[in-house]
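Being a predicted model, the structure only gives us computed values, none of them experimental. Order of the sequence lines sets the chain letters (A, B, ...), proteins ahead of strands, with each chain counted from 1.
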Protein chains: 2
Amino acid sequence: MNEVPHLTFDPGASGVSTGHLVVPKGADCEALSLPVFSCNRGKGPSLLITGGNHGNELEGPIVARRLAEWLPEAQTCGRVIIVPEINPLAVQAWTRNTPIDGKNLNRVFPGRVDGSVSERIADAVSRVLLPMADIVFDLHSFGPTWDIPPSVIMHPVADADLMTKMIGIAEAFKLPVTLVWEHNDTPGMFDTVAHNQGKVLVCTEFGGGTVSAGALAQYEAGVRNGIIALGLAEGEADHPLREHKSSRTLETLVSDELGSPARGIFEPVCSVLDEVKQGALIGVLRSMESLSAHPIEICAPTASVVYAIRSGGYVDGNEAVAFFARPLKV
Amino acid sequence: MNEVPHLTFDPGASGVSTGHLVVPKGADCEALSLPVFSCNRGKGPSLLITGGNHGNELEGPIVARRLAEWLPEAQTCGRVIIVPEINPLAVQAWTRNTPIDGKNLNRVFPGRVDGSVSERIADAVSRVLLPMADIVFDLHSFGPTWDIPPSVIMHPVADADLMTKMIGIAEAFKLPVTLVWEHNDTPGMFDTVAHNQGKVLVCTEFGGGTVSAGALAQYEAGVRNGIIALGLAEGEADHPLREHKSSRTLETLVSDELGSPARGIFEPVCSVLDEVKQGALIGVLRSMESLSAHPIEICAPTASVVYAIRSGGYVDGNEAVAFFARPLKV
């Protein structure tokens, strides 16, 4: 008989507890033990914070640990459960997908107890942790080879009340951008499973997968602000803007993803949050086959704000090189 | 009979020419054709600029292409040959090592004509291009998961005159750091083959493997300054300092590489170019096994300048997390 996913401790106990979420073994690997932190201060909202869904996005795992050090002093009510890496195999390999089964963990939710390791992780998170939470902060980044402003994003949901609530919570982080992101590929996302249960789930998109001491302070302050806005802790954290001038709320449509016209090396010629006119040059594509070929100019399809841009790298034809956005119409 | 490595054009021809360096086929893959640019303005120094030695360092390939657009107007004498990617297979895969044979191209110089693909590339570069050059600029970066100040580096050589010449050329880039880097692992490097032939070779170390429009302007300006200092072009480029205050010349010894005391997630708590005292905290190591374990504090072994620091990431025990430096004693 297979083991079932479970916690090694009772997060309902008062105060701070730590332990593990056990993901049962399967045909492809042994059981995993994911470290879990819980701080229970009684009545109030129940928040789940997850990081390391993709393994080459290290901002989340580090910020999650810093929050686990801050909360025991700061938290005044409710419960916060933190899992810094829900995909430790990918974090150790510094890869987006899980090395053992090659799957994107954030496309296999709600998972299967008898599936491959990514599916078993998704099943453990969905069945054991998600039911304990009213609100989820899933800490992501755009990963290497992308430049983005630190953001809180969410995918649109049909439930207008839930949508309003999510936007409000996302804006409370006070990071440079809150983004409502229309996405074609939402089935299998952690978001979708949470939203289907009527829960609030917002994702951070912190940066390019790596960290500096200064950037970490900004990211941590953003999540602290979110926690404070939920009423779970007191105070106000600074740093969430750093070099950015103000916060704004934007939306990105499916048509705002710009694919490369050919394969080659992408060179950005604009910066994130630049406001561009229709037809403005945002990057050039350089052939790797010949130096006599002229670079292909890549232009903004509509007047918009540059939300994310490839920060160099070889791209295939149709591979995304930019995401555009515009102020959210309320 | 095997093909031999060769150029498809004559870089001795006057003016601008482009063509390819043919790396012969071998047991592991077909022949490669690496795009090559040449601008020949007659008498004067002969400079070879190479990029893409490691495939996850995109700054060099992009800057190299931008120089090939600038030189036809700017160059006044001598000859400049540019190969934006000497390892296109690794650039396409965004990997440090060559995917087909798993080798680090910069450890197999001077290569072998009948070797694996990395060795055949090294052989083609060493036999066909290097003899044409007096000076080589090999455009590297530290690659992903590292934070460093834009630099020009060289490994120490016994020939004092060559060393002085290299430091002078490196400083002429006017990037934030010129670094003399003592390194245990120089056999097989492109540098070593060039130095053994009495040639000047300096490497840039631009950044973390990715680019922004602003950073590219800085990197390109640095190499332009180097070219201008050689007398190959006129003018002076700006931008080489950006947010840095001044340029400095440092040295790093073998003992200045700090390995991680254990495996875990490295979190930097200092910034590059910070001046630190002996014992100063520079980062913490976070266990991925347990949240109740205290983070391990990682401290500076001597009073020094932080030259490079891991920008987050899972590290194994003994894996490098920082390089320190101090002002070069002349």
Side-chain angles (χ1 to χ4, degrees), chain A residues 18-20 33-37 52 55-56 58-59 61-62 64-66 68-69 82-85 88 91-94 144-147 208-216 263 265-272 274 283-284 286-293 295 309-314 316, chain B residues 18-20 33-37 52 55-56 58-59 61-62 64-66 68-69 82-85 88 91-94 144-147 208-216 263 265-272 274 283-284 286-293 295 309-314 316:
Chain A
T18 58
H20 291 85
S33 278
L34 316 187
V36 178
F37 162 96
N56 55 4
L58 267 286
E59 297 92 337
I62 294 176
R65 282 180 173 73
R66 291 167 65 137
E69 291 174 348
I82 300 178
V83 192
E85 299 93 30
V91 171
Q92 286 175 7
W94 205 64
T145 80
W146 282 96
D147 222 1
T210 62
V211 298
S212 64
L216 279 174
R263 61 185 183 175
I265 291 179
F266 178 76
E267 174 187 332
V269 299
C270 65
S271 300
V272 294
D274 279 358
V284 294
R286 310 278 197 164
S287 165
M288 275 183 64
E289 274 86 50
S290 164
L291 288 173
S292 54
I309 189 132
R310 282 296 287 257
S311 54
Y314 176 80
D316 276 319
Chain B
T18 58
H20 292 85
S33 280
L34 316 188
V36 179
F37 162 96
N56 56 3
L58 266 287
E59 298 92 337
I62 295 175
R65 283 180 172 72
R66 291 167 65 137
E69 290 174 348
I82 300 178
V83 191
E85 298 92 30
V91 171
Q92 285 174 8
W94 206 64
T145 79
W146 281 95
D147 222 1
T210 62
V211 299
S212 65
L216 279 174
R263 62 185 181 174
I265 292 180
F266 179 76
E267 175 188 331
V269 299
C270 65
S271 300
V272 294
D274 279 358
V284 294
R286 309 280 198 163
S287 164
M288 276 183 64
E289 275 86 51
S290 165
L291 289 173
S292 53
I309 189 133
R310 283 294 289 256
S311 55
Y314 176 80
D316 275 318

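For a residue to count as touching a neighbouring chain, one of its non-hydrogen atoms must lie under 4.5 Å from one of that chain's; by this rule B:Ile82 touches chain A with the backbone only. In this structure, the portions of A:Thr210 lying under 4.5 Å from any heavy atom of chain B include both its backbone and its side chain. Using a 4.5 Å cut-off between heavy atoms, B:Ile265 touches chain A through its side chain atoms alone. Only the backbone of B:Val269 comes within less than 4.5 Å of a heavy atom in chain A; its side chain stays farther off. For chain A, the nearby part of B:Pro61 is the side chain; its heavy atoms alone come within less than 4.5 Å. Contacts between B:Val36 and chain A at a heavy-atom distance below 4.5 Å involve the backbone alone (N, CA, C, O).
Distance check, rounded to the nearest 0.5 Å: CG of A:Leu34 to CD of B:Glu289 gives 11.5 Å. Taking CD from B:Glu69 and CG from A:Leu291, the interatomic distance works out to 9.5 Å, rounded to the nearest 0.5 Å. Atom-to-atom distance recorded for A:Ser212:OG and B:Glu267:CD is 11.0 Å, nearest 0.5 angstrom. Note that OG of A:Ser311 is 9.0 Å distant from CD of B:Glu59, once rounded to the nearest 0.5 Å.
Among A:His20, A:Gln92, A:Arg66, A:Arg263, the residue making the largest number of heavy-atom pairs under 4.5 Å with chain B is A:Gln92. Listed options A:Ile62, A:Val211, A:Asp316, A:Val91 were ranked by heavy-atom pairs under 4.5 angstrom with chain B; first place goes to A:Val211. Ranked by heavy-atom pairs under 4.5 Å with chain A, the first of B:Gly312, B:Pro268, B:Gly283 is B:Pro268. In terms of heavy-atom pairs under 4.5 Å with chain A, the best-connected choice from B:Thr145, B:Asp147, B:Asn56 is B:Thr145.
Across all non-hydrogen atoms, the minimal contact from B:Ser290 to A:Pro35 is N-CG, 3.7 Å.
A:Arg65 meets the salt bridge (Lys or Arg N to Asp or Glu O under 4.0 Å) test with A:Glu85; sequence neighbours excluded.
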